[in-house]
Protein chains: 2
Amino acid sequence: MKILIAEDEITLQESIIKFLNRDAHICETASDYYEAISKVSIYEYDLILLDINLITGNGLDLLKLIKKEGKKIPVIIISANNSLDDKVEGLDLGADDYLTKPFHLTELNSRIKAVMRRGKYDGDSNISFNEIKIKTDAMQAYVNEKPIQLTKKEYDLLVYFITNKNRVLSKEVIAEHLWGDNIDTVDSFDFIYVHINHLRKKLTDVAANYIRTVYRIGYKFMDEDM
Amino acid sequence: MKILIAEDEITLQESIIKFLNRDAHICETASDYYEAISKVSIYEYDLILLDINLITGNGLDLLKLIKKEGKKIPVIIISANNSLDDKVEGLDLGADDYLTKPFHLTELNSRIKAVMRRGKYDGDSNISFNEIKIKTDAMQAYVNEKPIQLTKKEYDLLVYFITNKNRVLSKEVIAEHLWGDNIDTVDSFDFIYVHINHLRKKLTDVAANYIRTVYRIGYKFMDEDM
DNA sequence: AAGAATCTTAAGTTACTCTTAAGTACCTCT
DNA sequence: AGAGGTACTTAAGAGTAACTTAAGATTCTT
């Protein structure tokens with residue numbers, strides 16, 4: 001799960017990241033309003049954690065912006081003041097949940113899970129593509145009803161492919177989504193090849209062909225006849 | 001047993017917690033209507049203690065909400081006024097029992113036990129998974145009909161695993177369910193390893209394999225061929 | 001208050017995944 | 001067809017996560 005944390009209190013930022021990393025989420029941060037706007041418009045996040053009291057601007061404006069652009073990214077608002085007005089306004093603008101500082105990190109964690117649960121997969125916790133099926137609850141993938149053993153990265157990669165089927169995904173975009181933005185200092189994305197290789201091997205026979213190489217561009221997850 | 005106490009009288013809240021903690025229940029609190037709704041939607045409780053005279057809203061509405069969502073969580077209603085109407089309405093809405101303030105804590109305790117006994121596992125107070133059987137009222141686990149000696153934490157862990165079989169549970173989630181929400185200040189969940197270790201040792205042979213490690217994620221309680 | 005049982009901390013060990021690196025195969029364009 | 005770049009494959013090392021033990025704290029019992 002790739003999460004943007006728009007929060008200017010560095011200590012809070014850090015402890016959130018530390019905690020969420022333990023659940024193997026990819027976290028990126030924006031310390032001010034403008035950075036947040038910029039990152040949201042450039043990258044794809046699965047969730048945004050938005051402090052509405054950012055020094056450089058009003059978080060609610062950012063929320064408006066996101067929703068105006070028709071993006072369906074779930075947003076959880078963080079606020080220092082317990083004002084009911086803020087809460088109501090935030091939820092009216094389309095925020096998915098609301099947290100008041102100070103909060104427990106486990107609380108945050110559960111809300112993230114709840115939001116993701118009801119948001120993304122439309123109540124159905126299974127994803128499938130032809131003979132491939134993924135039970136997200138169990139984090140278990142199947143090919144023709146046979147379970148296949150995937151590592152975390154392989155699993156993430158497969159989920160990312162299937163939820164973005166028929167789209168060409170560059171190595172950079174994939175890396176960005178699975179590793180986060182501290183990866184752009186890296187000068188080679190060759191390690192992607194290894195994970196692709198592993199995943200292909202584990203998706204036996206037919207299913208392996210779904211991962212098509214688009215030469216010089218990236219990969220596309222698709223059916224034979226598309 | 002994880003219990004939510006929706007009660008805005010702080011002193012009563014505290015004495016209930018103090019009392020229930022002696023029975024090794026995990027208690028969490030909600031001091032207003034909104035907090036209660038939020039917590040119920042996020043966390044999984046084994047029981048809710050609901051004061052219907054919360055300042056910020058009507059407890060009966062909350063009860064309606066819970067039952068409407070099809071949740072099977074047992075609810076015990078607490079009320080200050082002895083109005084029969086409230087009582088009847090509460091029980092009609094699906095509350096499992098009803099207490100009028102002031103009440104003795106021992107009274108509360110026995111009602112909790114009664115509700116749990118008849119409520120939780122479909123009238124059957126036994127939980128089982130293949131060769132594992134648990135008699136919840138005796139808090140006794142068996143493997144192949146042979147009783148095994150578990151400590152409280154080991155027992156809780158096993159029950160949590162079996163009632164959440166086939167789901168990946170992170171160390172954090174497990175810790176939260178077994179230790180309550182004051183554990184997020186902790187910066188290491190390594191102690192979980194120890195309890196897992198003990199439980200595995202006590203679930204002899206085959207049964208021990210049901211607790212699968214999901215590397216970098218957590219644990220999953222499941223059968224061989226899933 | 002002492003003893004027993006349980007839980008937590010800590011440190012050493014083992015095992016797993018991810019990444020790196022280097023060699024090979026493939027594609028495209030001239 | 002050959003050059004140059006791009007993708008694939010494999011194996012090994014680094015780093016991290018999980019496991020195991022035992023001893024130090026607690027908590028519970030008597």
Side-chain angles (χ1 to χ4, degrees), chain A residues 18-26 139 141 148-158 160 168-175 177-180 182-203 208-209 211-221, chain B residues 18-26 139 141 148-158 160 168-175 177-180 182-203 208-209 211-221:
Chain A
K18 197 174 154 197
F19 191 82
L20 292 181
N21 277 341
R22 283 209 288 257
D23 260 6
H25 295 299
I26 303 294
M139 292 192 60
I148 52 175
Q149 248 28 59
L150 298 179
T151 68
K152 179 75 174 67
K153 284 278 183 255
E154 289 156 11
Y155 176 85
D156 284 349
L157 189 55
L158 180 58
Y160 187 55
V168 177
L169 304 166
S170 70
K171 288 205 300 291
E172 288 73 16
V173 167
I174 295 171
H177 200 267
L178 267 66
W179 279 263
N182 39 338
I183 206 151
D184 53 9
T185 49
V186 168
D187 48 9
S188 158
F189 291 92
D190 289 359
F191 59 89
I192 292 275
Y193 293 137
V194 180
H195 294 288
I196 297 276
N197 184 246
H198 289 160
L199 186 57
R200 277 178 168 155
K201 275 183 183 162
K202 289 181 181 179
L203 297 177
N209 292 326
I211 305 174
R212 304 290 191 76
T213 303
V214 183
Y215 196 80
R216 285 174 54 86
I217 311 288
Y219 296 92
K220 187 157 73 163
F221 194 90
Chain B
K18 202 174 154 194
F19 189 81
L20 292 181
N21 277 341
R22 282 212 289 263
D23 263 2
H25 295 298
I26 303 295
M139 290 192 42
I148 52 175
Q149 249 24 61
L150 297 179
T151 68
K152 182 72 176 65
K153 286 280 182 248
E154 289 156 12
Y155 175 84
D156 284 349
L157 190 54
L158 181 59
Y160 188 54
V168 174
L169 304 167
S170 70
K171 290 204 298 293
E172 289 72 20
V173 167
I174 295 171
H177 199 267
L178 267 67
W179 280 262
N182 45 338
I183 42 119
D184 59 0
T185 49
V186 168
D187 50 10
S188 158
F189 290 91
D190 288 359
F191 59 89
I192 292 273
Y193 293 136
V194 180
H195 295 287
I196 296 276
N197 185 247
H198 290 160
L199 185 56
R200 276 178 169 155
K201 275 183 184 161
K202 290 182 181 179
L203 297 177
N209 290 328
I211 304 174
R212 304 287 192 79
T213 303
V214 184
Y215 197 86
R216 284 173 55 94
I217 309 291
Y219 296 93
K220 188 160 63 167
F221 194 88

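Lettering of chains follows the sequences in order, A, B, ..., and the numbering in each one begins at 1. As the structure is a computational prediction, the values presented were derived from the model and not from experiment.
With hydrogens and angles left out, the side chain of A:Tyr193 and the base of D:dC8 share no donor-acceptor pair within 3.5 Å.
D:dA12 atom C1' lies 19 Å from atom CZ of A:Phe191, rounded to whole Å. Spacing between atom CZ of A:Phe189 and atom P of C:dT20 amounts to 11 Å, rounded to whole angstrom units. The distance from atom CG of A:Leu169 to atom P of D:dA7 is 14 Å, rounded to the nearest whole Å. Note: CZ (B:Arg200) to P (D:dA18) measures 11 Å, nearest angstrom. When the P atom of C:dT17 is taken as reference, atom CE of A:Met139 falls 12 Å away, rounded to whole Å. Distance A:Arg212 CZ to D:dT6 P: 22 Å, rounded to the nearest Å. Atoms CG (A:Leu199) and P (D:dA7) sit 17 Å apart, rounded to a whole Å. If you measure from atom CD1 of B:Ile192 to atom P of C:dT6, you get 18 Å, rounded to the nearest angstrom.
At least one donor-acceptor pair closer than 3.5 Å links the side chain of A:Ser188 to the backbone N or O of A:Asp190. Formation of a donor-acceptor pair under 3.5 Å by the A:Arg212 side chain with backbone atoms of A:Phe221 is not found in this model. Within the 3.5 Å criterion, the main-chain N or O of A:Gln149 finds a donor-acceptor partner in the side chain of A:Lys202.
Nearest-nucleotide positions on DNA chain C for A:Val194 and A:Leu150 put A:Leu150 closer to the 5' end. Two residues, B:Thr151 and A:Thr151, neighbour DNA chain C, and the one matched to the more 5' nucleotide by heavy-atom proximity is B:Thr151. Positionally, the nearest nucleotide of DNA chain D for A:Arg216 lies more toward the 5' end than for the other of A:His198 and A:Arg216.
Phosphate contact (OP1/OP2 of D:dT10, side-chain N/O of A:Lys201, threshold under 4.0 Å): present. For D:dC8, the OP1/OP2 oxygens have no side-chain nitrogen or oxygen of A:Asn197 closer than 4.0 Å. Between C:dT8 and B:His195, a contact under 4.0 Å exists linking OP1 or OP2 to a side-chain N or O. In terms of phosphate contacts, B:Trp179 brings a side-chain nitrogen or oxygen within less than 4.0 Å of OP1 or OP2 of C:dT8. Note on A:Ser188: every side-chain N or O is 4.0 Å or more away from OP1 and OP2 of C:dT20. Between B:Lys152 and D:dC28 there is no side-chain polar atom (N or O) within less than 4.0 angstrom of OP1 or OP2.
Checking D:dA7, D:dC19, C:dT19 against every side-chain atom of A:Lys153, the shortest atom distance belongs to C:dT19. Considering only side-chain atoms of A:Tyr215, the nucleotide from C:dC16, D:dA7, D:dC19 that sits closest is D:dA7.
Residue contacts shown for A:Tyr155 are absent, as no nucleic acid heavy atom lies under 4.0 Å away.
The shortest distance between side-chain heavy atoms of B:Tyr215 and A:Thr151 does not fall below 4.5 Å. Residues A:Tyr160 and A:Val173 are in side-chain contact: their nearest non-hydrogen atoms beyond the backbone lie under 4.5 Å apart.
If you look at B:Phe189 and B:Trp179, their ring centroids are not closer than 6.0 Å.
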